[in-house]
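Whatever order the structure lists them in is the order used to number ligands and atoms, beginning at 1.
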Amino acid sequence: MHIFTEREEKEHLAAVQFRITAMITAGKRLADKRAADLLEQKTYIRDNRDEKAILHSSIVQTAGSGEAALAKAKQLGRLLQTPYFGRIDFKASDQPEALPVYIGVCTLKDPDAGTPLIYDWRSPISSMFYDYETGAASYEAPAGTIAGDISLKRQYRIKNGMMEFMIDTTAPVYDELLQRELSVSTDEKMKNIVATIQQDQHAIIRNEASPVLIIQGVAGSGKTSIALHRIAFLLYRHRDTLTSKDILIISPNKIFADYISQVLPELGEENVPETSMGLLVHEILDHQYTIGSLFEQVTALLENNNNIFTQSVHYKSGFGFLQQLNEYVVYLNNHLFQPASISVARFTIPVNVVMEQYQAYHRLPLLKRGPETAAALVKYLLYKHHYEASAKDKALLKKAVSAMLGNANSLRLYKDFFKWIGRPALFKMKGKVLEYPDAFGLAYLKICLEGIFTHRKVKHLLIDEMQDYSPVQYAVIAKLFSGKITLLGDIHQSLNPERKTDLDSLRRIFPQSCQMTLNKSYRSTLEILQVAQQIIYNPTLLPMERHGQAPTLFRATDPQEEITYIRQRITAFTQQQRYKSLAIICKTAAIAASLMETLDGLPVQLLTDTSHRFTDGVMLISAQLSKGLEFDQVIIPFVTAANYQTDIERSMLYIACTRAMHILHLTATGPIPPYLENIPS
Ligand SMILES: Nc1ncnc2c1ncn2[C@@H]1O[C@H](COP(=O)(O)OP(=O)(O)OP(=O)(O)O)[C@@H](O)[C@H]1O
């Protein structure tokens with residue numbers, strides 16, 4: 001087949017679309033037929049009730065086949081809009097000529113000939129599109145390495161079924177298309193990036209060898225996008241053993257979950273279950289407590305109005321807390337049990353027998369040994385004295401053994417831990433209310449002392465914003481999940497910079513982990529990244545050579561002037577067409593809420609920690625909640641020296657700036673931090 005010129009390409013596209021349309025029609029016809037069959041079967045059952053059980057499986061089959069046909073037609077409908085985005089002409093060494101390999105989001109075979117018209121971007125042969133330029137190339141097929149030569153590499157932009165342009169490329173996934181993709185206005189939700197995945201990103205997506213993969217990536221380097229593409233890749237590669245239900249995402253909040261919810265369906269996969277650290281710990285603690293949130297913790301750290309609380313958070317976020325908890329568990333194992341002889345009926349069980357029976361259960365978690373020891377002592381009475389213990393004796397034995405373990409439970413032992421380390425003030429509990437870091441400390445101790453409650457069904461766990469979780473939280477994760485884990489985050493975007501979980505701590509908790517890094521930042525213009533670099537300098541960050549409007553700093557003479565300026569900016573945004581989203585990002589949720597009161601009459605949506613949906617338009621949001629999200633334009637108000645002084649405040653400002661794709665405005669009334677001095681007013 002000779003397809004080379006733009007005209008030939010357009011004809012080829014039309015031919016592929018013709019086949020897709022025919023397949024959609026056939027699929028819909030099949031779905032209609034199944035619906036009619038189903039109706040007929042139901043009518044038959046209504047008249048012949050005694051055959052209901054026999055026909056049940058046939059009905060389920062008919063319904064399943066109809067649903068599958070409809071789902072396929074839907075997938076084909078999407079494919080019709082953008083059948084493919086790339087092509088390589090590859091001649092394997094043992095083939096006479098190069099064959100064009102068209103690459104799209106899913107495989108499409110010619111229904112008559114059975115030959116592939118489009119290759120899935122995740123198929124082995126497609127990997128060369130991301131990894132090679134023209135010239136010698138190879139890929140790993142199930143049968144082994146296939147080597148050969150790429151004579152043409154081409155990219156297409158096909159939207160709404162029309163080819164907008166095509167580019168022949170020599171670099172691995174050419175910059176021009178990437179530049180064009182990045183310079184357009186952001187979509188309401190995160191979108192797939194299959195057409196422009198970069199080589200280093202592709203290596204992460206395809207990594208199957210590491211049981212725990214840690215991705216450290218600078219702001220806007222595509223970590224979240226890549227993690228979602230990685231899920232799609234694994235679902236494709238292991239489609240016989242892995243389904244979306246086997247995967248779990250731990251995400252920071254519901255807005256973020258909503259923001260990323262489009263990527264997997266766009267890639268033809270189902271969305272995967274999602275949860276949060278908070279929900280997970282509730283489950284481990286049997287929903288017995290009211291637990292503070294990470295959001296509340298960060299707010300308190302930012303307000304910095306309670307020293308004991310700050311000290312407590314810092315201690316519990318550090319590696320030392322985990323180490324001391326582990327030492328405490330060893331101590332309890334050695335010292336909690338204080339054996340004594342027990343008198344039952346007319347017999348006395350000597351202390352050495354009690355100890356022996358207890359030690360026989362040393363493999364069980366400490367707090368599980370008591371009931372087993374009591375049961376063993378019942379057997380001892382029978383075997384040694386031929387005495388069958390009554391129900392009353394059994395209760396007495398249980399009580400006696402439990403007393404030897406200090407009648408302990410996990411919560412009491414957790415409280416005692418703080419006395420044991422000589423810092424009782426670090427634990428506070430009002431009624432059933434536990435502070436956020438204590439919930440994880442208690443959960444970890446509970447797992448160590450009472451045993452593991454595993455999420456065995458989860459074959460792959462993905463944790464975003466990894467830098468925001470403490471070593472104890474990871475120790476809980478390591479005990480709960482035995483499958484593969486992907487962790488991703490940026491240590492420069494920490495919610496607790498004084499005690500951030502660094503890569504060394506992660507390596508200590510997951511010694512089997514492999515670390516990969518992404519240093520190129522794609523989201524923001526070079527000018528925006530230059531401001532971010534002044535706030536927190538990251539020497540590894542490589543900006544994309546994409547220029548835009550220089551960020552501005554509006555210095556108001558009084559607060560009223562600052563608000564008037566912000567209102568003008570919002571109005572200007574609503575009157576333009578080019579950009580779809582504007583976020584006003586404040587240091588805390590309380591500041592955002594109070595700013596909201598001054599923005600009456602403007603179409604602004606306040607997003608809070610209870611919000612579930614991410615939309616376009618003008619959003620008012622705290623820096624913490626804005627993590628992971630992106631906006632065409634960002635305004636950061638009140639950037640005074642007083643507001644952005646401490647490490648955590650600076651970290652918030654960094655996060656806020658790096659949310660902007662195209663335009664960034666800062667505003668302040670009063671002195672500004674020295675690191676912002678050279679932004680033009
Ligand atoms: N290869 C790529 N092609 C096109 N766009 C890309 C590519 N890589 C990243 N992007 C874009 O860059 C932006 C940032 O991606 P993403 O949100 O995944 O980054 P991140 O590293 O998770 O960011 P952050 O940590 O700052 O939240 C998104 O708009 C994404 O579509």
Side-chain angles (χ1 to χ4, degrees), residues 85-86 121 129-131 155 157 171-205 215-231 249 251-253 255-256 259-260 262-264 266-267 462-468 486-495 516-525 528-529 532 535-536 538 540-544 546 580-581 583 585 614 621 623-632 634 651-652 654-662:
F85 54 81
W121 65 280
F129 176 73
Y130 300 106
D131 291 344
Q155 285 176 292
R157 171 109 187 213
V173 188
Y174 192 48
D175 238 11
E176 187 180 329
L177 190 68
L178 181 59
Q179 286 276 4
R180 289 194 198 205
E181 291 295 330
L182 295 173
S183 52
V184 296
S185 165
T186 170
D187 281 10
E188 182 185 311
K189 303 240 170 107
M190 178 174 264
K191 55 187 185 300
N192 85 67
I193 55 164
V194 269
T196 49
I197 292 168
Q198 303 295 292
Q199 214 172 356
D200 53 349
Q201 297 177 325
H202 191 227
I204 293 175
I205 291 173
I215 309 165
Q216 157 57 36
V218 300
S221 55
K223 296 177 292 294
T224 307
S225 309
I226 292 311
L228 294 167
H229 286 71
R230 177 168 159 76
I231 290 179
I249 299 184
S251 63
N253 55 60
I255 303 174
F256 179 81
Y259 171 63
I260 62 170
Q262 194 170 290
V263 179
L264 283 168
E266 268 183 11
L267 294 174
L462 192 138
I463 304 183
D464 205 345
E465 305 292 349
M466 67 180 181
Q467 70 287 350
D468 293 335
T486 302
L487 302 173
L488 52 135
D490 177 13
I491 46 169
H492 288 91
Q493 297 183 58
S494 172
L495 293 178
M516 297 177 92
T517 48
L518 291 172
N519 290 330
K520 190 127 190 197
S521 184
Y522 299 96
R523 177 183 297 125
S524 313
T525 61
I528 293 172
L529 283 177
I535 300 166
I536 296 180
N538 178 355
T540 60
L541 187 147
L542 299 170
M544 271 285 288
R546 185 170 74 82
K580 293 193 202 120
S581 63
I585 308 182
F614 182 80
I621 190 169
Q624 183 188 345
L625 271 186
S626 76
K627 287 194 94 180
L629 308 178
E630 68 186 20
F631 309 90
D632 289 321
V634 166
S651 185
M652 292 296 160
Y654 182 84
I655 292 166
C657 283
T658 54
R659 300 308 94 200
M661 292 181 76
H662 309 292

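Ligand 1 lies under 4.0 Å from heavy atoms of Leu178, Leu182, Met190, Ile193, Thr196, Ile197, Gln198, Gln201, Val218, Ala219, Gly220, Ser221, Gly222, Lys223, Thr224, Ser225, Gln493, Tyr522, Arg523, Gly628, Glu630, Arg659.
Taking the charged nitrogens against the carboxylate oxygens, Asp200 and Lys520 have no contact shorter than 4.0 Å, which rules out a salt bridge.
Ring pair Tyr130/Phe85 is tilted by interplanar angle, where 30° to 60° counts as tilted.
For Ser521, the side chain to side chain donor-acceptor pair (under 3.5 Å) criterion is met by no residue, not counting sequence neighbours.
Once rounded to the nearest 0.5 Å, the distance linking CE of Met652 with NZ of Lys627 reads 7.0 Å. Atoms CD and CG, on Gln198 and Leu178 in that order, are 5.0 Å from each other to the nearest 0.5 Å.
Between the side chains of Glu465 and Gln467, a donor-acceptor pair is found at a separation under 3.5 Å.
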